[in-house]
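Written out below as structure tokens is the structure these notes cover.
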Amino acid sequence: NCPLTIHDGYLYTGFWNSETDNANFVCLSITDEDPGQKKEQKCASWYHTAKGGFYWAGAYACDDYILIGTDDGTNSCVGQSASMLAFAPRTGELLASWENLNGDIRSTVVYDTATNAYYFTSKGGSFYSLQMVKADDGWQMTNQWSVALQNGSNGTPMSTCSPVVYNGRAYVGVSGAGQFAAYSGHNISVIDLGGKKIAYS
């Protein structure tokens with residue numbers, strides 16, 4: 001139930017079994033090794049297993065790394081145990097990680113060229129930003145910051161929306177106090193990226 005991300009002849013996607021069970025994020029070659037066979041099975045080039053797995057999470061892919069967010073591995077949507085992971089595209093080597101994030105990460109990781117940063121949201125009610133920097137000892141996640149989302153109530157302001165970034169601002173959907181209840185605080189929040197705060201909702 002995750003988006004498919006394709007880059008340089010490989011496909012990246014995640015799987016989910018339950019809130020607390022293990023599931024894999026996988027890399028598959030999209031080369032058809034046997035054109036004469038229409039239904040051949042294909043093995044993953046590499047995979048990474050995480051508790052809670054990957055749900056709606058879309059990866060960002062480039063020549064240097066793959067970025068993907070995990071679920072938090074708990075039955076709560078606000079467990080402080082989700083991760084943002086960076087993998088080597090061809091080998092699956094874990095290059096860097098940001099641990100103990102707030103709730104399931106169920107958005108696609110998006111990149112903005114103007115700020116040279118990556119953005120994503122969490123079901124725990126957070127908007128996140130990071131940059132990737134190449135150091136002498138490898139890739140690092142730096143300039144990490146977050147904004148607490150709001151819905152005007154004590155209910156968790158969940159977001160499973162992939163941010164849209166334009167002209168120094170990010171736009172994300174936020175759930176109200178009642179996830180499926182009308183008029184309970186559902187909103188579109190506009191994040192001022194320079195000020196690292198909500199501009200308006």
Side-chain angles (χ1 to χ4, degrees), residues 1-17 22-33 40-73 82-123 126-146 159-166 170-173 191 193:
N1 53 16
C2 287
L4 308 179
T5 300
I6 295 175
H7 179 75
D8 195 27
Y10 289 83
L11 177 151
Y12 303 89
T13 193
F15 293 85
W16 186 88
N17 291 309
N22 288 336
N24 295 330
F25 179 75
V26 304
C27 167
L28 294 165
S29 166
I30 58 174
T31 301
D32 187 354
E33 291 89 355
E40 71 266 33
Q41 292 186 341
K42 207 166 178 71
C43 293
S45 300
W46 59 263
Y47 65 89
H48 174 84
T49 305
K51 185 178 180 182
F54 306 84
Y55 195 110
W56 293 340
Y60 172 85
C62 64
D63 291 344
D64 295 314
Y65 45 79
I66 308 298
L67 289 173
I68 184 67
T70 73
D71 259 27
D72 63 14
S83 302
M84 177 56 57
L85 307 173
F87 296 107
R90 294 295 180 87
T91 67
E93 175 190 358
L94 183 62
L95 303 176
S97 65
W98 187 1
E99 306 290 341
N100 304 316
L101 301 180
N102 178 28
D104 304 322
I105 299 170
R106 294 189 172 180
S107 78
T108 294
V109 182
V110 299
Y111 175 67
D112 176 51
T113 55
T115 56
N116 189 31
Y118 300 89
Y119 302 100
F120 56 99
T121 62
S122 82
K123 201 173 175 183
S126 296
F127 171 86
Y128 287 103
S129 172
L130 67 87
Q131 291 180 316
M132 292 292 292
V133 174
K134 184 69 176 293
D136 292 339
D137 57 348
W139 286 98
Q140 297 179 355
M141 293 183 183
T142 64
N143 297 323
Q144 300 154 313
W145 55 269
S146 65
S159 182
T160 58
C161 291
S162 303
V164 172
V165 182
Y166 176 73
Y171 302 79
V172 296
I191 312 296
L193 300 177

statement: Value for CH2 (Trp98) from OG (Ser146), rounded to nearest 0.5 Å, stands at 6.0 Å
Nearest heavy-atom neighbours spanning Cys27 and Pro89: SG-O, 3.9 Å
statement: Value for CG (Asn102) from CG (Asn100), rounded to nearest 0.5 Å, stands at 11.0 Å
- prompt: Sub-3.5 Å donor-acceptor pair from the side chain of Thr13 to the main-chain atoms of Pro3, do we have one?
  reply: yes
field: 4.5 Å side-chain heavy-atom contact, Val165 and Tyr119
entry: yes
query: How far apart are the C-alpha atoms of Tyr118 and Tyr60, what are their side-chain angles, what is the distance that settles it, and do they pass the ring pair (Phe, Tyr, Trp, His ring centres under 6.0 Å) test?
result: CA-CA 9 Å; Tyr118 300 89; Tyr60 172 85; 5.0 Å; yes
- request: Verify the neighbour count for atom CG of Asp137: are there more than 12 heavy atoms of other residues, nucleotides or ligands below 6.0 Å?
  value: yes
message: Could you report the tightest heavy-atom contact between Gly103 and Ala82, atom names first, then the distance?
response: O-CB, 3.2 Å
query: Are any non-hydrogen side-chain atoms of Val109 and Met84 less than 4.5 angstrom apart?
result: yes
- request: Please round to the nearest 0.5 Å and tell me the distance separating atom CZ of Arg90 and atom CH2 of Trp46.
  value: 12.0 Å
message: Quick one, Ser162 and Thr121 - any side-chain contact, counting heavy atoms below 4.5 Å?
response: no
- request: Please tell me if the side chains of Leu94 and Leu85 come closer than 4.5 Å, counting only heavy atoms from C-beta onward.
  value: yes
message: I'd like to know if Asp72 pairs up with Lys51 as an ion pair, taking the criterion as any Lys NZ or Arg NE/NH1/NH2 lying under 4.0 Å from an Asp or Glu carboxylate oxygen.
response: no
Aromatic contact, Tyr55 with Trp16 (centres under 6.0 Å): yes
- prompt: Shortest non-hydrogen contact from Ala57 to Gly69?
  reply: CB-O, 3.4 Å
Audit row: His48, Phe87, ring pair (Phe, Tyr, Trp, His ring centres under 6.0 Å) steps and yes/no: CA-CA 9 Å; His48 174 84; Phe87 296 107; 4.9 Å; yes
message: With rounding to the nearest 0.5 angstrom, report the CG to OG distance, Leu67 to Ser97.
response: 11.5 Å
message: Nearest 0.5 Å, please: how far is CZ in Arg106 from OG in Ser122?
response: 11.0 Å
statement: Heavy-atom closest pair (Ala61 atom, His7 atom, distance to 0.1 Å) is CB-CB, 3.7 Å
task: Could you pull out the closest heavy-atom pair between Ile68 and Gly58, with the gap in Å?
output: CD1-C, 3.8 Å
From Ser45 atom OG to Tyr12 atom OH, the distance as rounded to the nearest 0.5 Å: 8.0 Å
- request: Look at the side chain of Asp71 and the backbone N and O of Phe54, then say whether any donor-acceptor pair between them is shorter than 3.5 Å.
  value: no
Test log, rule ring pair (Phe, Tyr, Trp, His ring centres under 6.0 Å), inputs Tyr128 and Trp145: CA-CA 6 Å; Tyr128 287 103; Trp145 55 269; 9.3 Å; no
- request: Determine, using ring centers only, whether Tyr171 and Tyr166 are less than 6.0 Å apart.
  value: no
field: Minimum side-chain heavy-atom gap Thr142-Met132 below 4.5 Å
entry: no
message: Can a side-chain donor-acceptor contact be found between Asn22 and Thr49 if the only test is distance below 3.5 angstrom?
response: no
- prompt: Taking the six-membered ring where the residue is Trp, are the ring centres of Tyr47 and Phe25 under 6.0 Å apart?
  reply: no
message: Do Val133 and Met141 have side chains that approach each other closer than 4.5 Å (heavy atoms only, starting at C-beta)?
response: no
- request: Measure the shortest side-chain to side-chain distance between Glu40 and Asp32 over non-hydrogen atoms and say whether it is less than 4.5 angstrom.
  value: yes
message: Any side-chain to backbone donor/acceptor pair from Trp56 onto Ile105? Under 3.5 Å, distance only.
response: no
message: Using only atom types and a distance under 3.5 Å, with no angle test, would you say the side chain of Ser107 pairs donor to acceptor with the backbone of Thr160?
response: no
field: Expected output: side-chain Gln131 to main-chain Asn116 donor-acceptor under 3.5 Å
entry: yes
- prompt: Within the side chain of Lys42, is there an N or O that forms a donor-acceptor pair under 3.5 Å with the backbone of Ser29?
  reply: yes
field: Sub-4.5 Å side-chain heavy-atom contact between Thr5 and Tyr10
entry: no
task: Taking all heavy atoms of Val26 and all of Ala44, pick out the closest pair and write down the distance.
output: CB-CB, 4.2 Å
- prompt: Distance-only, no hydrogens or angles: does the Thr31 side chain make a donor-acceptor pair with backbone N or O of Glu33 under 3.5 Å?
  reply: no
